[in-house]
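First up is the structure itself, then whatever we jot down about it.
Since the structure is predicted, the reported quantities are computational estimates derived from the model, not experimental observations. A note on names: the letters A, B, ... follow the listed sequences, proteins ahead of strands, and every chain is numbered from 1. All heavy atoms count here, side chains included; hydrogens, waters and symmetry mates do not.
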Amino acid sequence: MDTIITRFPPSPTGYLHIGGVRTALFNWLYARKTKGKFVLRIEDTDAARSTKESVDTILESLEWLGIDWDEGPYFQTERYDIYNEYIKKLLESGAAYYCSCTPDEVNAMREEAKAKGQKPMYNGKCRARNLEKADNTVVRLKTPDTGVTIVKDVVKGDTAFQNSEIDDFIIQRSDGSAMYNLAVVIDDITMGINTIIRGDDHLINTPKQMLIYEALGADLPVFGHVPMVLGADKSRLSKRHGAMSVGEYKNMGFLPDAMINYLVRLGWSHGDQEFFKRDELIEKFDLEHLGRSASMFDTNKLISLNAKHIQGTSPEELADHLLFHLNNLGIKAKNDKFTQGVIETLQPRSKTLVDMAKAAEFYYLNEIEFDEKAAAKFLNSDILDMLEKAAGYIDDIKEYNQEELENIFKQIMEETGLKFGKIAQPLRVALTGTTISPGIFEMLLALGREKTVNRIKAAIKFINA
RNA sequence: GUCCCCAUCGUCUAGCCUGGUCCAGGACACCGGCCUUUCACGCCGGCGACAGGGGUUCGAAUCCCCUUGGGGACGCCA
């Protein structure tokens, strides 16, 4: 087989949503897996709705997800000359013709067809009129009246469409611009796209597009129509289902790798495996195991996968992503040993990076603010002696490591007669302000000796006040 | 209205193509327990599905038909 060339063609009429990302992912994965090429094309022929901002956010989202492209972005609005060239060919060969019917007239035709219990269609009125180009003429493709067009689809199998169900659709508007179905086909032909994975809302467009390939004598690509992603109520994903854009998921503290893992797994499977690292996805992805039925977006599953990715990613790499969320909390941190140590203590107990950033906050504070209940329960004069000892011993040890710290705890337990829990919990409040934190030793280590001692002293002051 | 697609636990899915190893496996969520210095992680267990009806067959989640349900498309949008 020749080099696989896939593409992702978003229209810049809004942010990049989850369903779009998923099809982008399938195409990207397939290209990467086969060492092929992945082309990015912006379908901006709808002048009224396309915006530069949308293009920017789409590009940003793809970059955040780590979906890179080998060619493009191409813009359809810059390719009108190419489309016109092909439209001219189609006109010359008689495969297309000018039509002067007004929108009102065409509407009437549709109503008429509907009344007869048929699919609403243009009736081919201008087909044999041999009209010349004029101000208000559009160009239509002459489609066959009989026979069937069979879409061979790698995920759905064969689907036959009666040609009588396909009307002479418009390929060029009266203002001279190309319509979607034509632009897509011309682009795919000229860009050498040979594998097209897209949402199954396009399945109905496919026979139309095949007719254009045929009229041009071009080779057909491989088609694969994947089911759409539905909201939790089984309806089409829309704003009322909450977060839709990729950027929102970034803000909610999801890792790009988790996002990718979840989205690919939604509609594709590799036996029972749920967790995939990025490279593993590229290695194992295939077209054979794409599902045929629509699936619903489940945030819970995304969250759990995110937690697993947080656990399975190095602190150093995690830090790059966490800094963004720390910054959102007003914490200026760097990707250094300290932050990496902090992360290590938080990895098993964070489901999102937002959780992690919040839980990490106390490490960076200069002064701890004590939770009222926690302080009332644990910071009282009974433990003054213990805190004094802790501050002193910790300050004195030669090596600030787990072994030494454990020894100190043993010593304090002996000297005070307190059980481990009676020491750990007040200390926890002294150091973090609350009763909830990572394990006492790992936290002590991540905090560092200086902060630890200072905080214990501050707690002593607090009790004495 | 017409055409098209789809149908396994609440959700994501394995199994379906190449019928028997499936009184249907995994994961998320939920519930219980264990572990334990708090919170988590982890571990163990539980709950829970082949949409319905007809065929074909010795045998069907798997093949065929119908019904029902869900989704999509019918634009000088993409």
Is there a donor N/O on one and an acceptor N/O on the other, under 3.5 Å, for the side chain of A/Lys301 and the base of B/A29? no

Parallel, tilted or perpendicular, as decided by the 30° and 60° cut-offs, for the rings of A/Phe409 and A/Phe420: tilted

Criterion side-chain hydrogen bond (donor to acceptor under 3.5 Å, both in side chains) against A/Glu280, the qualifying member of A/Lys284, A/Lys277, A/Arg278: A/Lys284

Can you say whether a donor on the side chain of A/Arg349 sits under 3.5 Å from an acceptor on the base of B/C41, or the other way round? no

How close do A/Ile58 and A/Pro12 get, counting heavy atoms only, and between which atoms? CD1-CA, 4.0 Å

When rounded to whole Å, the NZ to C1' distance for the pair A/Lys308 and B/C41 reads 11 Å

A/Gln273 CD - B/C28 P separation (whole Å): 14 Å

How long is the line joining CD1 of A/Ile166 and P of B/C4, in whole Å? 11 Å

Donor-acceptor pair under 3.5 Å, A/Thr159 side chain vs B/C4 base: no

Report the distance from atom NE2 of A/His225 to atom C1' of B/A78, rounded to the nearest whole Å. 14 Å

Atom CZ of A/Phe75 and atom P of B/A78: how far apart are they, to the nearest Å? 16 Å

Atom CG of A/Asn300 and atom C1' of B/U11 are separated, to the nearest Å, by 9 Å

I need the CG-C1' distance between A/Leu405 and B/U37, as an integer number of Å. 14 Å

Across all strands, who's sitting opposite B/G10 as a Watson-Crick or G-U wobble pair, both distances under 3.5 Å? B/C28

Under the salt bridge (charged side-chain N to carboxylate O under 4.0 Å, His left out) rule, what do A/Glu274 and A/Lys301 come out as? Steps first, then yes or no, please. CA-CA 10 Å; A/Glu274 303 274 353; A/Lys301 189 118 187 182; 3.3 Å; yes

Kindly indicate whether the side chain of A/Arg292 and the base of B/C6 share any N or O donor-acceptor pair separated by less than 3.5 Å? no

Go through the N and O atoms of the side chain of A/Asp200 and the base of B/G72, and report whether any donor-acceptor pair is under 3.5 Å. no

Does B/A78 have OP1 or OP2 under 4.0 Å away from a side-chain N or O of A/Thr45? yes

Gap between atoms CZ and C1', on A/Arg140 and B/C76 respectively (whole Å): 8 Å

Confirm from the modelled atom types if A/Arg265 and B/U13 form a donor-acceptor pair under 3.5 Å, side chain to base only. no

When only distance counts, do a donor and an acceptor, one from the side chain of A/Glu274 and one from the base of B/G26, lie under 3.5 Å apart? yes

A/Pro10 and A/Arg41: which non-hydrogen atoms are nearest, and at how many Å? CD-O, 3.2 Å

